[in-house]
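Step one of this worksheet: look at the structure below.
Numbers here are sequence positions counted from 1. Only heavy atoms go into these numbers, but all of them, side chains included; no hydrogens, no water, no symmetry mates.
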Amino acid sequence: MRIPRPQLNYANAIATIALFVALGGAAVAAGLPKKSVGPQQLKPNAVTTKALHRKAVTSAKIAPRAVTAGKLGPFAVLPGNLGNGIITTEKLGDGAVIASKIRNGSVTTNKLNNGAVATAKLGDGAVNNSKLADGSVTPSKLAPGVIKELQGKLESGETLRGVFDLGGEGKIAREGISFQFPLASAPAAAETNVLAADGTSASCPGLKGSGGQTPEAAAGQLCVYVKSQSPGAEKLAFDDEAVTRLGFGLKATLSGSGDQRYFGYWAVTAP
């Protein structure tokens, strides 16, 4: 009995050649010496993100200045990715930190160095009464000459207030009162601006506040409110020659015997 022999055909030949090439290629790959494949042997874009294992690229494997702004995608660097103190002053470009990039409340007192906020860095009107704590501005914190500059003139719409107390045993009593801050010009001081404690007018809105101890005056007006007077006190008026931008004078007409007096409040508002 004859055993049939396998017939050599085209398909068998191609399969045999493919098996040889495959085994030979694997043997060649397995036989590559260490460090024989370097950057020069890699084609452009041969190493993609998907080809890298997690944490394969660490900071120790990145050359200085290898990662530039142009190589970072939008939002690639977030606050949670930055270690404490990693961004220092010398790493910030000129104008890198502007007001629109700072969140409200992110810059607090404890984050400012001594002397960090200088006069040249404050905008006009940046420091006002609402931003100053009670007692925060003392004479020791003011530079020489500051008080003199403040006394230049009272700003428009601001009001000065005080008390007066004049009298005596004669027929006429006078008192001069100086403003804490001068006005730009002398205020109006009409005869009708001398009122009783409960009096009001368009020029003199009256005594306000707790206990009626806050005298008010319209812009450009000087007002006097008589709180109490002696029975022999006949008349209280402004001394016309003594009403200036620096202060004013009062003149009282007295009668009767003994000590006579006027007491009250005054207010002046800059025009």
Side-chain angles (χ1 to χ4, degrees), residues 125 128-130 132 134-135 137-139 142-271:
N128 50 49
N129 290 339
S130 63
L132 295 174
D134 291 339
V137 180
T138 59
L142 296 174
V146 169
I147 294 295
K148 185 176 180 180
E149 292 179 12
L150 291 175
Q151 291 177 333
K153 67 182 180 67
L154 189 68
E155 295 298 329
S156 177
E158 293 186 338
T159 300
L160 297 176
R161 299 176 175 89
V163 298
F164 66 90
D165 187 357
L166 77 161
E169 296 183 359
K171 298 297 182 180
I172 300 293
R174 298 176 183 273
E175 181 179 9
I177 298 173
S178 297
F179 298 140
Q180 297 97 320
F181 300 100
L183 279 66
S185 58
E191 183 176 351
T192 54
N193 284 17
V194 179
L195 301 89
D198 57 355
T200 62
S201 68
S203 299
C204 303
L207 295 174
K208 309 294 184 181
S210 176
Q213 295 184 353
T214 305
E216 299 292 345
Q221 300 292 321
L222 171 62
C223 299
V224 165
Y225 300 90
V226 179
K227 188 70 173 178
S228 64
Q229 65 185 79
S230 301
E234 292 183 355
K235 184 179 180 181
L236 179 68
F238 292 110
D239 189 339
D240 293 336
E241 296 180 358
V243 177
T244 71
R245 63 183 290 267
L246 302 177
F248 64 100
L250 290 173
K251 178 174 63 176
T253 303
L254 308 172
S255 66
S257 60
D259 189 18
Q260 304 293 310
R261 69 190 287 260
Y262 279 96
F263 169 77
Y265 305 98
W266 62 267
V268 63
T269 300

Just how far is it from atom OH of Tyr262 to atom CD of Glu175, taken to the nearest 0.5 Å?
-> 13.5 Å
Close side-chain approach of Gln260 and Ser255, heavy atoms under 4.5 Å | no
Side chains of Thr253 and Glu234: do they bring a donor and an acceptor to under 3.5 Å?
-> no
For Leu236 and Ala252, which heavy atoms make the closest approach, and how far apart are they?
-> CD1-CB, 4.1 Å
Closest approach of Asp239 and Arg174, non-hydrogen atoms and distance?
-> OD2-NH1, 2.7 Å
Hey, mind stepping through Phe238 and Leu250 against side-chain contact (heavy atoms from CB on, under 4.5 Å) and telling me if it holds?
-> CA-CA 5 Å; Phe238 292 110; Leu250 290 173; 3.8 Å; yes
Identified side-chain hydrogen bond (donor to acceptor under 3.5 Å, both in side chains) counterpart of Gln221 within the set Asn193, Thr159, Thr269 | Asn193
For the residue pair Val194 and Ala237, what are the closest heavy atoms and their distance?
-> CG2-CA, 4.4 Å
Indicate yes or no: at least one non-hydrogen side-chain atom of Glu191 is less than 4.5 angstrom from one of Lys235.
-> yes
With the side chain counted from C-beta on, respond yes when Trp266 and Leu160 share a heavy-atom pair under 4.5 Å apart, and no when they do not.
-> yes
Here the gap from Tyr265 atom OH to Leu195 atom CG, rounded to the nearest 0.5 Å, amounts to 15.0 Å
Determine all donor-acceptor pairs shorter than 3.5 Å in which one atom belongs to a side chain in residues 202-220; sequence neighbours excluded.
from	atom 1	to	atom 2	distance (Å)
Lys208	NZ	Pro205	O	3.3
Glu216	OE1	Arg161	NH2	3.1
Glu216	OE2	Arg161	NH2	3.3

Which heavy atom in Ala189 sits nearest to a heavy atom in Leu222, and how many Å separate them?
-> CB-CD2, 4.1 Å
Is there a donor-acceptor contact under 3.5 Å from the side chain of Ser230 to the main chain of Gly232?
-> no
Phe179 to Arg245 - nearest heavy-atom pair and separation = CD1-O, 3.4 Å
Nearest heavy-atom pair of Lys251 and Ile172: which atoms, and what distance?
-> CG-CG2, 4.1 Å
Output for pair (Lys171 NZ, Leu254 CG), nearest 0.5 Å, gives 8.5 Å
Evaluate the side-chain proximity of Phe248 to Val268: yes if any heavy-atom separation is below 4.5 Å, no if none is.
-> no
